[in-house]
Structure formats: C-alpha cells, structure tokens
Protein chains: 2
Amino acid sequence: MQLNQATDYALRAMLVLASLKPGEVVDAQTIATRERIPMRFLLRTLRLLVKAGIATSQRGVGGGYALARSPEEVTLLDVVEAVEGPIRINRCLLDPEYCGKRWADHCPVHQALAGVQSALRHELARHNFAELIRGAKGNQSTRDSRE
Amino acid sequence: MQLNQATDYALRAMLVLASLKPGEVVDAQTIATRERIPMRFLLRTLRLLVKAGIATSQRGVGGGYALARSPEEVTLLDVVEAVEGPIRINRCLLDPEYCGKRWADHCPVHQALAGVQSALRHELARHNFAELIRGAKGNQSTRDSRE
DNA sequence: TTAAAATTATACTAGATGGGTATAGTTTAG
DNA sequence: CTAAACTATACCCATCTAGTATAATTTTAA
C-alpha cells in the first residue's frame, strides 16, 4: 500500500516542470541534480511521463522536458497512473478470476474495496500542479497523516 | 499501490468470523476450504489478526478462531493495518530522511500526499464488518471503480 | 496418560518486483 | 560533423510475495 520511488521522483520532477516559464524546457541533468535523483533512473521515469502524454520531450542540443499541458490540468492521479499503471487496490478488482468465482459481483469485500479505490482516485485527482506550486501554505488539509 | 494477497485472505476470513453466532468458533481448515485459501498461509495470516487484537484463537480440540469484538467495531482499516502494518502512502511520510532534507515540512508533495493518505485511511475506516455481512445490496457506493 | 485436534513458531524457496546501473543508439542545433 | 541531449534495452542485486515444510505446543477427551 505504498507508492514506489519512481512515482515519488516523478512527482518532484513534475513540480520542476510545472514551474517553468511558457516555452522553457529543462534537461534531465538539471532535474536530477536539483532533486537529488539518480540520473538514469530519472530518465526512464521521465519517459513514462512523456509516453503518458503529461510531459513533452525535445531531443538534441538545447532539448529537455516540459509539461504537455497547463499545471492546472495535471493531477497527482495522472502522474501516479503514468508511472505505476492504473490503480487497482485489490487484484480481484482487476481480474474477476480472483474473486472466488462463486460471488463475482455480489461479494461484499469486493464492493467495499471498489468504493475505497474510487475514493482514493478521486482524492488523488483533486490535487493539481498549479495548486502544488502555489505552495503548501494555506493548505486545505491540515489533518495529521498519522491519525 | 495494491493490497497484498494476505490482506485479501484476511478480509474474507474476517467475513467468516463476523458471521459466527456468539460463543461459536471456527477452525482454520474450515475457513481455508470455504474461502479457497492455502491452509498454511491462512494460519499465518490469522495469527496476525490475533496479534493485532481483532481476532481471538483457542487451541486444542474444538478450538478455532472468533472475532475479538463485535463486527461493528472492526473496520477494513483494522484488518489492512493488522496484516500490512500502518499505511504509509509514500516513504517520505514515514521517514523524514527521504524528504529531500531541504524542505522537511514545507514540501508541497509531502503535504498533498499526507492529505490523500488521511482520506484513504478514513475511507477504509468507514466500512465495518457488520455492514459487510449485511450484504452488498443497498450499498451506498455504486460508483464504478474504473471511473 | 495418551491420542488426536487444533494453533503457534520458524525456516525455507521460487519467482516477481523494486531500485538502480550500463551500453548502445538516435535526434538536433550549430 | 560533433556535442548535447533524449531513447531503448538489457542487466544486476536485494527485498518482497506467496506459498510450503517441519516441528513444537496447547487442549480436550477417551
């Protein structure tokens, strides 16, 4: 029940991209240094973001990366699913084969988890990168993560 | 971003325990057969539930497992954390060492993820086993998990 | 007091995943 | 045509996952 390291790096890289001035690009080495991310690992991760269509890349001299759309239009969910694939909280939600066969649709565990998964995805989709770069001050969620 | 198989088994085992009449116990073999769970794996998983204090066990002839409290008082969150340990969506939420050192508290990614994690835990805590055994009909969440 | 029914406690294993590195290739500006 | 950048695979090792194996302990009851 944890996001992997690539996703963490991707989120921080996206934060850098979201801060760029329009038309500007930033190269991977700069991101790697600023965010203390292993270069080769970052390159692979950035490719996932490009493939998912939330970042763009330009090769050659003076090339680099940028956001594919405005920061408001990119959410945490976009990044998480770009790196890790679609969120499936339980494999029975992905492959009905796992759902005990007998119940399929009317399994109460399945139903409850579907609701939780949906809530999780909505929560991730609520945060966009415009909000994030505006900064953490004035954050609407002050609840302790430990509660 | 997925619950592991042990958790899935635990949830289904707990569903069996929640259906017991007061004073009744059920042995692991019965659960394993009914829920198609590998016996030895189930035994280990049940031990986690016992250690976490949400199930009780009784050894010897006629022994077995039961809920430690009423079904209303056991939530999905209890089971998930009993099996997988505390939910930490990102390791930076667990170990500040990972949080880039420079920002610590004022990292916007950290803050947003803390909010998401909190929402996830609350959502898991909303579902208890009394509700689950009452059945999936009349479920309050009909949202498609794919949305 | 012994046998059988049950849980407990470790230890092990094959395969997958996670996090990272290496090597080689392609595009592009100048 | 060269250097700066991204692209594409392939590889590596440590940890995790899911499951199995072996042995011990507790309890009931014949």
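As the structure is a prediction and not an experimental result, all values here were calculated from the model.
Residue pairs meeting the salt bridge (charged side-chain N to carboxylate O under 4.0 Å, His left out) criterion with at least one member in residues 69-79 of chain B, sequence neighbours excluded, are B:R69-B:D78. Within the structure, ring-ring contact (aromatic ring centres under 6.0 Å, His included) pairs that include any residue of residues 22-77 of chain B comprise B:Y9-B:F41 (at least two apart or interchain). Counting only residues at least two apart or in different chains, salt bridge (charged side-chain N to carboxylate O under 4.0 Å, His left out) contacts with residues 42-60 of chain A are absent.
For DNA chain D, the outermost nucleotides in 5' to 3' order that have an atom under 4.0 Å from a heavy atom of chain B are D:dA18 to D:dT28.
Residues satisfying the side chain to side chain contact (heavy atoms under 4.5 Å, CB included) test with B:A82, not counting sequence neighbours, are B:L49, B:A52, B:I54. Checked against side-chain hydrogen bond (donor to acceptor under 3.5 Å, both in side chains), A:Q29 has the following partners two or more places apart in sequence or in another chain: A:T33. Qualifying side chain to side chain contact (heavy atoms under 4.5 Å, CB included) partners for A:T56, counting only residues two or more places apart in sequence or in other chains: A:A66, A:A68. For A:E84, there are no salt bridge (charged side-chain N to carboxylate O under 4.0 Å, His left out) partners at least two apart in sequence or on another chain. Contacts of B:L48 classified as side chain to side chain contact (heavy atoms under 4.5 Å, CB included), with partners at least two apart in sequence or in another chain: B:V83.
Residues B:I37 and B:T45 form no side-chain contact, since every pair of their non-hydrogen atoms from C-beta on lies 4.5 Å or further apart. Between B:L20 and B:L67, every side-chain heavy-atom pair lies at or beyond the 4.5 Å cut-off.
Distance B:L43 CG to C:dA11 C1': 16 Å, rounded to the nearest Å.
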Study note, to complete from the structure: With sugar-phosphate taken as primed atoms, P, OP1 and OP2 and all else as base, the protein-contact string of nucleotides 25-30 of chain C at under 4.0 Å (heavy atoms; B, S, -) is -BBBB-
Check your understanding: Where along nucleotides 16-24 of chain C does protein come under 4.0 Å, by heavy atom, of base (B) or sugar-phosphate alone (S), with - for untouched nucleotides?
Key -> ---BBBBB-
